[in-house]
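Worth knowing before you read on, the calculation uses all heavy atoms, side chains too, and leaves out hydrogens, waters and symmetry mates.
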Amino acid sequence: MPRIELEYFAQMREQAGCHRETRDTQALSAAALYDELRDIHRFTLEPRKMRVAINAAFRPWDQALADGDTVVFIPPVTGG
């Protein structure tokens with residue numbers, strides 16, 4: 001079971017209640033990991049509105065995960 005490092009920003013950090021966490025997961029892809037985390041943290045953002053970075057590089061949502069990966073789900077940028 002891979003152990004994944006996660007970082008959260010903006011709305012996702014507020015919903016998770018933390019900036020970082022380490023989690024063991026059975027998810028095989030970034031998309032599956034996000035679905036798992038939505039159930040845990042009640043994330044409200046749709047994946048199609050976000051980007052995902054794995055080990056500091058943007059990746060597709062179907063990117064396979066490996067033990068020790070760092071995953072960042074990047075919410076849309078808002079501002080005025």
Working to the nearest 0.5 Å, report the span between CZ of Arg59 and CD1 of Ile54.
7.0 Å
When clusters are formed by joining ILVMFWY residues with side-chain heavy atoms under 4.5 Å apart, either directly or through shared neighbours, do Val72 and Phe43 land in the same one?
no
Look at the side-chain heavy atoms of Ile, Leu, Val, Met, Phe, Trp and Tyr, link any pair under 4.5 Å apart, and say whether Met50 and Leu33 land in one connected group.
yes
Min side-chain heavy-atom separation Ile40-Arg23 under 4.5 Å
yes
Measure the CG-CG distance between Asp69 and Leu6 for me, rounded to the nearest 0.5 Å.
10.0 Å
Verdict with supporting geometry, Phe73 and Leu37, side chain to side chain contact (heavy atoms under 4.5 Å, CB included)
CA-CA 11 Å; Phe73 297 107; Leu37 294 168; 3.7 Å; yes
Tell me whether Phe9 is reachable from Ile74 by hopping between hydrophobic residues (I, L, V, M, F, W, Y) whose side-chain heavy atoms are closer than 4.5 Å.
yes
Shortest non-hydrogen contact between Ala27 and Ala32, atoms and distance:
CB-C, 3.7 Å
Under 4.5 Å between any side-chain heavy atoms of Ser29 and Gln63, yes or no?
no
Look at the side chain of Asp67 and the backbone N and O of Arg3, then say whether any donor-acceptor pair between them is shorter than 3.5 Å.
yes
Salt bridge (charged side-chain N to carboxylate O under 4.0 Å, His left out): which pairs involve residues 28-42, sequence neighbours left out?
Arg38-Glu46
Between Leu45 and Pro76, is any pair of side-chain heavy atoms under 4.5 Å apart?
yes
From Gln26 CD over to Leu65 CG, what is the distance, rounded to the nearest 0.5 angstrom?
12.5 Å
Side chain to side chain donor-acceptor pair (under 3.5 Å), paired with Tyr8, selected from Glu21, Gln15, Glu14:
Glu21
Rounded to the nearest 0.5 Å, what separates atom CD1 in Ile4 from atom OG1 in Thr22?
9.5 Å
